[in-house]
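Heads up, the thing below is written out as structure tokens.
Note that the structure is predicted; figures quoted are calculated from it, not measured. Residue numbers start at 1 and run along the sequence shown.
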Amino acid sequence: MSSIQMQKMGVRFKPPTIFLFYTDTSTGKFRRRTVQLDDFTKTTKINDYAQELHDDKTTRSRNLFRHIPLRRIERLLFVLKEGLTSNISKNEIEKKLRQFDEIDSDEDLNKLDDDELKHKKLIMDETFKKNYVDPSSKDYVYDVAVDFEQPEGGDQHASEWDSTEADEVEEDIKAEDIDDDDDDDFN
């Protein structure tokens with residue numbers, strides 16, 4: 001069991017530095033760890049670097065990044081990278097961070113490179129965990145049926161798999177079963 005409880009994080013652009021504020025639950029003391037990232041540049045791949053920080057085995061006993069979700073580390077590194085890229089305002093960095101965290105439902109994930117795809121999957125995983133209702137929870141309801149309303153001005157698209165001709169399909173399957181029985185000759 002961990003004796004570390006993360007409180008907050010921060011960055012400094014020059015030199016690239018991450019500040020980790022945490023409480024040591026075994027002693028109750030509030031502490032700050034300053035981690036200078038000498039090898040972090042504006043061309044560094046955020047996903048790989050975040051994974052290295054999170055999974056660092058050489059400093060396992062004192063690696064505080066293992067107590068932080070990978071996606072939060074990526075967000076922190078994104079802010080750091082944007083701050084290194086140019087002299088942009090805090091508001092512009094926040095705007096870019098919102099775009100970085102956004103998932104477009106019309107976006108084709110097959111066209112993304114590996115790093116972008118990993119990031120999108122982390123966002124989807126975090127959203128799933130946030131919305132997940134455990135069967136032992138008092139809010140859990142078995143077999144929920146939801147009717148989704150059509151958005152205003154939205155066109156309804158016909159879909160082959162969502163056919164109202166389900167009875168016809170079942171009849172076709174039954175007819176095939178009868179035909180297959182006639183073909184079986186085990187004499």
Side-chain angles (χ1 to χ4, degrees), residues 1-12 16-26 28 30-33 35 37 40 44-57 60 62-83 88-154 156-157 159 161-162:
M1 188 165 142
S2 173
S3 65
I4 303 289
Q5 183 178 5
M6 297 304 299
Q7 299 295 325
K8 59 184 178 176
M9 300 176 288
V11 296
R12 178 174 52 204
T17 306
I18 294 178
F19 298 98
L20 303 172
F21 298 90
Y22 64 96
T23 303
D24 185 346
T25 55
S26 63
F30 183 74
R31 299 182 180 273
R32 179 186 81 178
R33 168 89 46 93
V35 181
L37 308 174
F40 190 83
T44 302
K45 286 189 168 188
I46 292 174
N47 299 59
D48 295 338
Y49 203 89
Q51 193 72 47
E52 283 179 36
L53 288 174
H54 190 269
D55 297 339
D56 188 6
K57 305 289 189 229
R60 184 72 179 157
R62 51 192 180 95
N63 181 9
L64 295 177
F65 290 105
R66 66 188 167 108
H67 300 283
I68 304 170
L70 189 59
R71 186 161 124 60
R72 291 201 54 200
I73 298 171
E74 283 184 0
R75 293 183 83 228
L76 201 61
L77 292 175
F78 178 82
V79 169
L80 190 58
K81 188 173 184 175
E82 287 300 315
I88 59 177
S89 70
K90 179 182 174 183
N91 292 337
E92 290 178 50
I93 291 176
E94 288 174 353
K95 182 180 175 184
K96 286 186 175 189
L97 184 60
R98 279 191 297 278
Q99 290 172 345
F100 180 67
D101 286 341
E102 191 174 272
I103 290 190
D104 182 12
S105 60
D106 295 328
E107 184 176 24
D108 186 0
L109 298 178
N110 292 320
K111 294 180 181 178
L112 297 178
D113 65 21
D114 288 343
D115 290 336
E116 288 178 279
L117 185 61
K118 284 180 191 175
H119 177 70
K120 299 290 183 181
K121 285 183 175 184
L122 283 174
I123 293 172
M124 288 186 276
D125 189 46
E126 182 179 275
T127 305
F128 172 79
K129 287 178 181 175
K130 184 172 72 174
N131 295 329
Y132 178 73
V133 180
D134 189 68
S136 62
S137 172
K138 66 176 181 154
D139 297 332
Y140 181 77
V141 179
Y142 179 75
D143 198 21
V144 176
V146 178
D147 289 327
F148 293 98
E149 293 181 22
Q150 185 68 21
E152 291 183 29
Q156 190 169 13
H157 300 288
S159 177
W161 65 268
D162 193 18

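- For the 3.5 Å distance criterion, the side chains of Asp134 and Ser136 qualify, holding a donor opposite an acceptor.
- Looking at Asp115, its side chain never comes within 3.5 Å of a backbone N or O of Asn47 through a donor-acceptor pair.
- The CZ atom of Arg12 sits 11.5 Å away from atom CD1 of Ile18, with the distance rounded to the nearest 0.5 Å.
- Leu77 contributes atom CG, which lies 8.5 Å from atom OG1 of Thr44 (distance to the nearest 0.5 angstrom).
- Shown here for Lys120 and Glu102, the closest heavy-atom pair between the two residues is NZ-O, 2.8 Å.
- To the nearest 0.5 Å, atoms CE (Met9) and CZ (Phe21) are separated by 11.0 Å.
- Scored by the salt bridge (Lys or Arg N to Asp or Glu O under 4.0 Å) test, Lys95 finds no partners at all (sequence neighbours excluded).
- Here Glu74 does not pair with Lys118 in a salt bridge; the nearest charged N to carboxylate O distance is not below 4.0 Å.
- Minimum heavy-atom separation, Leu53 to Leu37: CD2-CD2, 4.3 Å.
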### Message
side-chain contact (heavy atoms from CB on, under 4.5 Å), that's the test. Do Phe30 and Gln7 meet it? Break it down for me.
### Response
CA-CA 9 Å; Phe30 183 74; Gln7 299 295 325; 3.6 Å; yes

### Message
For Ile68 and Leu20: C-alpha separation, side-chain torsions, deciding distance, then whether side-chain contact (heavy atoms from CB on, under 4.5 Å) applies.
### Response
CA-CA 10 Å; Ile68 304 170; Leu20 303 172; 3.7 Å; yes

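- In this structure, Thr23 OG1 and Met6 CE are separated by 9.5 Å, a value rounded to the nearest 0.5 Å.
- In this structure Arg71 satisfies the salt bridge (Lys or Arg N to Asp or Glu O under 4.0 Å) test together with Asp101, Glu126, sequence neighbours excluded.
- For the atom pair CZ (Arg75) and NE2 (His119), the distance works out to 8.5 Å, reported to the nearest 0.5 Å.
- Considering all non-hydrogen atoms of both residues, Ile73 and Ala50 come closest at CG2-CB, 3.7 Å.
- We find the CG-CG distance between Leu122 and Leu70 to be 5.0 Å, quoted to the nearest 0.5 Å.
- Aromatic ring orientation, Phe40 versus Tyr49: perpendicular (interplanar angle above 60°, classes split at 30° and 60°).
- Salt bridge status for Lys129 with Asp125: present, with a side-chain N to carboxylate O gap under 4.0 Å.
- Within 6.0 Å of CG in Asp114 there are 12 or fewer heavy atoms belonging to other residues, nucleotides or ligands.
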